[in-house]
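All chains are named by letter (A, B, ...) in the order of the sequence lines, taking the proteins before the strands, and each is independently numbered beginning at 1.
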There are 2 protein chains.
Amino acid sequence: MARRSDKRERLIAAGCEVLYEQGLRGTSLADIAERAGVPLGNVYYYFKTKEDLARAVIAQRRLNIEARSADIEATIADPRERLREFIRRAGEARTQVATYGCPYGTIAQELGKTEGVLATEAGDLLRVQRDWVAAQYEALGLPCDEAKIRAIELLAAMQGTSLLTHTFCDASIMKREFERLDRRIAAQSLQ
Amino acid sequence: MARRSDKRERLIAAGCEVLYEQGLRGTSLADIAERAGVPLGNVYYYFKTKEDLARAVIAQRRLNIEARSADIEATIADPRERLREFIRRAGEARTQVATYGCPYGTIAQELGKTEGVLATEAGDLLRVQRDWVAAQYEALGLPCDEAKIRAIELLAAMQGTSLLTHTFCDASIMKREFERLDRRIAAQSLQ
DNA sequence: GTCTATACATGGATAGAC
DNA sequence: GTCTATCCATGTATAGAC
């Protein structure tokens with residue numbers, strides 16, 4: 001119970017990186033242990049199984065997403081400006097995205113194919129973003145249904161752009177398209 | 001040389017299915033052999049390695065894409081109507097997409113992360129579609145650069161929608177968004 | 001709590017009989 | 001050309017000393 005070391009945290013942080021870079025099926029526990037500077041056998045003191053570690057990594061990613069949303073909410077009052085900031089921040093990762101894809105979309109896609117249990121939790125990474133975006137559209141006066149539709153439309157544009165940015169290894173695609181999305185939000189009339 | 005059986009074709013067809021359903025890393029050669037009704041050891045008579053078989057599967061997918069484009073070109077003369085037909089046909093797969101994702105986007109994403117050699121060939125599945133769509137926009141009078149940008153914008157919307165359709169296991173997302181894309185193309189003025 | 005050594009399962013690939 | 005048996009590497013997981 002009383003743990004003095006930070007190995008668990010290091011393993012999760014290393015897992016975040018390596019799972020993002022190589023996917024779940026493409027990474028061994030030895031990969032993660034090595035990146036974290038922890039001997040392989042010791043991993044099992046902190047996590048019962050590989051799936052367990054993956055779950056912790058996904059939970060951490062989710063915390064990051066929620067922290068970002070909370071930060072935007074705390075610093076920006078206007079829902080429209082919040083959405084623009086959301087797009088702007090996501091767009092900053094374009095170099096990474098060109099190399100490894102979107103950290104949320106790629107894991108949701110990989111785990112959605114086969115991993116029944118993890119699929120839901122990985123999918124939640126996109127679900128919480130959809131819900132947050134929809135909440136901003138609602139705050140702008142759209143009815144609930146319509147807000148949700150617009151949220152999906154925006155996220156789809158972001159995810160699809162990330163996928164092509166990754167596939168074509170070209171960060172300029174993401175720069176251009178995210179700027180377009182930003183302008184669209186800024187100009188959009190919401191009847 | 002003179003082969004009487006169709007085992008090679010059966011292996012490729014089975015590979016198309018299983019790789020789509022489970023991803024490359026999630027499928028063993030035994031899975032493919034079983035689906036094709038071929039004993040495991042016999043696979044190696046037709047394909048030197050697993051990567052070799054994967055390459056043949058990707059090449060087959062590419063042929064399918066090119067056949068579809070050729071068919072649309074042969075039956076529809078107006079570039080705008082060709083794009084609408086392209087969207088309509090892709091949208092027909094929405095039930096499958098809800099279960100396994102886009103057959104082209106998911107493989108490009110998975111292989112793009114780590115498989116250096118296969119990554120390019122999988123990426124070509126999206127590249128040829130981008131080029132074909134761009135050619136239609138050019139035929140509509142757009143300059144080459146602008147046509148390419150519009151093509152990426154359209155494919156990004158399709159891919160992102162497919163990803164969310166898959167993640168949320170909800171084919172109605174794809175139905176609604178693809179109809180929206182179709183309407184947008186139909187109405188779009190191209191100055 | 002930590003780490004080495006190792007058990008055990010899976011899966012790619014090959015040998016060699018037919 | 002076909003198929004069985006098997007080799008061997010990798011990777012998850014555990015045993016047990018410290």
Side-chain angles (χ1 to χ4, degrees), chain A residues 1-58 107 110-111 113-119 121-122, chain B residues 1-58 107 110-111 113-119 121-122:
Chain A
M1 280 301 150
R3 259 185 279 92
R4 32 219 158 181
S5 98
D6 59 345
K7 287 189 178 170
R8 188 186 161 86
E9 286 67 32
R10 290 217 313 275
L11 283 167
I12 292 177
C16 263
E17 292 177 18
V18 186
L19 289 191
Y20 174 44
E21 292 167 10
Q22 311 183 347
L24 179 68
R25 289 214 127 102
T27 77
S28 66
L29 285 173
D31 290 336
I32 298 174
E34 189 189 14
R35 178 85 57 113
V38 171
L40 175 58
N42 201 356
V43 171
Y44 288 91
Y45 177 75
Y46 297 100
F47 301 97
K48 213 169 75 250
T49 63
K50 184 186 183 184
E51 180 178 316
D52 229 55
L53 174 48
R55 186 171 288 121
V57 166
I58 294 171
I107 197 173
E110 183 194 2
L111 303 190
K113 282 224 179 192
T114 48
E115 316 293 328
V117 217
L118 291 177
E121 298 173 35
Chain B
M1 279 301 151
R3 257 185 281 90
R4 33 221 160 180
S5 96
D6 58 345
K7 287 189 178 170
R8 188 186 161 87
E9 286 67 32
R10 290 218 312 276
L11 283 167
I12 293 176
C16 263
E17 293 177 17
V18 186
L19 290 191
Y20 175 43
E21 292 166 10
Q22 310 182 347
L24 179 67
R25 288 214 127 101
T27 75
S28 65
L29 285 173
D31 290 336
I32 298 174
E34 189 188 16
R35 177 84 57 115
V38 171
L40 175 57
N42 201 356
V43 171
Y44 288 91
Y45 177 75
Y46 297 99
F47 301 96
K48 213 169 75 251
T49 63
K50 184 187 184 185
E51 180 178 315
D52 230 55
L53 174 47
R55 185 171 289 122
V57 166
I58 294 172
I107 198 173
E110 183 195 2
L111 303 190
K113 281 224 178 191
T114 48
E115 315 294 328
V117 218
L118 291 177
E121 299 175 35

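Listed by chain and number, the residues in a salt bridge (Lys or Arg N to Asp or Glu O under 4.0 Å) with B:R35 are B:E17, B:E21 (sequence neighbours excluded). A:R25 pairs by the salt bridge (Lys or Arg N to Asp or Glu O under 4.0 Å) definition with A:E115, not counting sequence neighbours. The side chain to side chain donor-acceptor pair (under 3.5 Å) test applied to B:T49 returns no partner, not counting sequence neighbours. With sequence neighbours excluded, the residues satisfying salt bridge (Lys or Arg N to Asp or Glu O under 4.0 Å) with A:E51 are A:R55. Partners of A:K7 according to the side chain to side chain donor-acceptor pair (under 3.5 Å) rule, which considers only residues two or more places apart in sequence or in another chain, do not exist here.
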CA sep, side-chain torsions, deciding dist, call: A:L111, A:I58, side-chain contact (heavy atoms from CB on, under 4.5 Å): CA-CA 11 Å; A:L111 303 190; A:I58 294 171; 3.8 Å; yes
At under 4.0 Å between heavy atoms, how does the protein contact nucleotides 3-18 of chain C? Give one character per nucleotide, 5' to 3', with B, S or -. BB------SSBB----
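A sub-4.0 Å separation between OP1 or OP2 of D:dT2 and a side-chain N or O of B:S5 is present.
Distance A:D52 CG to D:dT12 P: 14 Å, rounded to the nearest Å. One interatomic measurement links the two molecules: CG of A:L53 to P of D:dG11, which rounds to 15 Å at whole-angstrom precision. Summarising the geometry, the separation between CD on A:E34 and P on D:dT10 is reported as 14 Å, rounded to the nearest angstrom. Put simply, CZ on B:F47 is 15 Å from C1' on D:dG1, counting in whole angstrom units.
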